[in-house]
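Report on the structure given below.
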Amino acid sequence: MIQLEVFGEPAPQGSKRVYNGRIVEAGSKKLKPWRKAIAQACFNLLSEDHKLITGPVKVEVDFYLPRPSSVSQKKRAMPIVPPDVDKLARGCLDGLNQGADSGKVGDGILYADDSQVVELIARKHYADDREPGATIVITPL
């Protein structure tokens, strides 16, 4: 089991679309720095004898979002507004899968490819008692 603490504002990854013959990712301007923060947290855990996980994995992630100052805990206890948890998970999985050498998604850090994720549990919370970010647990199965 590998546990990561990532700090920063979680960013959703939108759908891809074709624009002028190029594939463009619809998403927040915060996505690239968020994926970099996740990748950096992964690199910080690596040891010299680290081996890429090649089998199935379970990923469990708790996102901690900043509470808007206009929304009290009494008014809205849980973040039932965008960003959607599935889009947050998509951005997170790509951050976990961002390669060390190329910096491109799909080169693997802790595990080789997103297709290895056979179980995904994602939750979102307001970061009332901690910094915004995420706690990510990766378990080889």
Aromatic plane relationship, Y64 with H125 - under 30° parallel, 30 to 60° tilted, over 60° perpendicular: parallel
Exceeds 12 heavy-atom contacts within 6.0 angstrom, atom CG of N44: yes
Atom of P10, atom of G133 and distance for their closest heavy-atom approach: CG-O, 3.3 Å
L93: which of V117, I38, L88 passes side-chain contact (heavy atoms from CB on, under 4.5 Å): V117
Closest approach of P79 to L65 (non-hydrogen atoms, all atoms of both residues): CB-CD1, 4.1 Å
Residue among N97, L96, V57 satisfying side-chain contact (heavy atoms from CB on, under 4.5 Å) with D114: N97
Side-chain (Q116) to main-chain (G55) donor-acceptor, under 3.5 angstrom: yes
Side-chain touch L110/H50, heavy atoms, less than 4.5 angstrom: yes
Gap separating the OG1 atom of T54 from the OH atom of Y111, nearest 0.5 angstrom: 13.5 Å
Heavy-atom closest contact (R35 atom, G91 atom, distance): CG-O, 3.4 Å
Under 3.5 Å: donor-acceptor pair, side chain of R67, backbone of R76: yes
Over all atoms of both residues, closest heavy-atom pair of M1 and P140: N-CD, 4.1 Å
Note, P68 side chain near Y126 side chain (heavy atom, < 4.5 Å): yes
Test item: D94 and L31 side chains (from C-beta on) under 4.5 Å apart, heavy atoms: no
Short side-chain to backbone donor-acceptor contact, D113 and S115, under 3.5 Å: yes
Check: T135 and R130 side chains under 4.5 Å, non-hydrogen atoms: yes
Interatomic spacing from NZ in K36 to NZ in K32 - rounded to 0.5 Å: 6.5 Å
Student check: side-chain heavy atoms of D62 and I121 closer than 4.5 Å: no
Closest contact, heavy atoms only, G95 versus I109: O-CD1, 4.0 Å
Rounded distance (nearest 0.5 Å) linking atom CD1 of I2 with atom CD1 of I53: 4.0 Å
K29 versus P33, closest heavy-atom pair with distance: O-CD, 3.5 Å
E119 vs E60 side-chain heavy atoms within contact, under 4.5 Å: no
Heavy-atom side-chain proximity of F63 to P83 below 4.5 angstrom: no
Inter-residue atom distance L120.CG - C92.SG, 0.5 Å rounding: 8.5 Å
Shared hydrophobic cluster, F7 / F43 (ILVMFWY, side-chain heavy atoms < 4.5 Å): no
